[in-house]
Amino acid sequence: MAISQKDKKVYQWGHDRRFNAYSNYFRSIYGARVQKVSIDAGFTCPNRDGTKGSGGCTYCNNDAFNPSYCVPEKSVSQQIEEGIIFHKWRYSETVSYLAYFQAYSNTYAPLDTMRKLYEEALNYPGVIGLIIGTRPDCIDEGKLVYLKELSKRCYLAVEYGIESCYNKTLKRINRGHSFEDAVWAIERTSALGINTGAHFIFGLPGETREEMVNQVAVISELPLKTIKFHQLQIIKGTTMEKEFQNNPGDFELFTWEEYLDFFISFLERLNPVFVVERFTGEAPPRFLTGEGWGKKRTDQIVNLIEKRLEELDTCQGRLYEPNPKR
Ligand code: SF4
């Protein structure tokens with residue numbers, strides 16, 4: 001997999017990091033760091049408003065992941081302005097931004113509403129593209145055709161929350177869609193040439209660790225560009241918190257050490273063409289039930305995973321086996 005280049009190993013993704021890293025992917029396209037700026041544009045969710053379901057996914061509390069500057073009472077432009085200031089103190093070199101429509105389901109609205117909000121973001125100076133987070137059942141041909149047109153003039157990615165490949169799990173967490181719905185949305189989006197991303201959660205109730213790792217073969221055959229993973233965190237005020245309190249034995253939450261071993265094993269089997277954006281999620285401690293993993297920051301977690309990959313002399317995709325039928 002790796003080739004030597006003046007004493008440095010360069011992997012098939014074009015650099016010497018042991019996984020196909022999101023930050024390097026953008027550097028390779030734009031030659032500089034690109035920063036995502038989150039937006040809550042006031043979209044809602046069909047799994048909350050009664051269209052698909054009510055109460056939402058059992059683990060859902062959008063506030064736990066929304067940065068403080070993200071509130072729908074502020075315009076898209078104002079949120080971008082405040083987001084840029086928020087990130088500037090850490091990353092002074094950043095010159096370009098991606099508007100990340102993050103909260104709820106950001107294609108769950110009439111096309112005209114979507115267009116107006118996306119255009120406002122794209123008109124903000126320094127914004128070079130959009131990342132649109134949504135559900136697989138909130139997209140249709142008309143929206144995809146519009147997004148395809150939009151993708152010709154800016155960077156554009158549609159990121160689907162999939163969470164699990166198992167319908168028994170999707171039912172249990174009240175997702176309100178099936179894995180087949182997710183496959184349809186991913187394949188249709190990708191077929192139109194739109195960058196397609198997916199998000200998965202490890203540790204959902206009812207799944208064994210073996211089932212979790214076995215998903216890698218299915219996921220690796222999806223036509224994805226980017227991928228994100230989170231460990232399950234039980235967020236206060238959610239339906240899942242009540243389930244956890246009533247039946248803690250139903251949950252097998254990862255300790256950090258367990259997750260590190262599990263994730264390395266998963267990553268080794270993951271399709272190396274996928275650009276990996278996240279390994280873990282970190283809700284602020286005030287939202288968490290239980291201990292969490294202490295005060296590890298995202299960059300520390302990335303460093304620890306890269307250190308372990310180095311120690312084991314392994315990398316993303318080392319054990320990946322392409323499906324011969326595809
Ligand atoms: S689809 Fe997203 S916003 Fe809607 S309930 Fe589930 S996690 Fe929450």
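These numbers were taken from a predicted model, which means no experiment stands behind them. Numbering of ligands and ligand atoms starts at 1, following listing order.
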Qualifying salt bridge (Lys or Arg N to Asp or Glu O under 4.0 Å) pairs with a residue from residues 224-246, counting only residues at least two apart or across chains: Glu159-Lys228

Set of side chain to side chain donor-acceptor pair (under 3.5 Å) partners for Ser105, sequence neighbours left out: none

Side chain to side chain donor-acceptor pair (under 3.5 Å) against Asn303, all qualifying residues, sequence neighbours excluded: none

Shell of protein N/O/S atoms around atom 4 (Fe) of ligand 1, taken as anything under 2.8 Å: Cys45 SG

Ring centre gap for Phe229 and Phe279 strictly below 6.0 Å: no

is_close_aromatic(Phe262, Phe254), centroid dist under 6.0 Å: yes

Residue among Gln79, Glu82, Glu81 satisfying side-chain hydrogen bond (donor to acceptor under 3.5 Å, both in side chains) with Lys74: Glu82

Atom 2 (Fe) of ligand 1: the protein heavy-atom neighbour that sits closest, reported with distance to 0.1 Å: Arg175 NH1, 4.2 Å

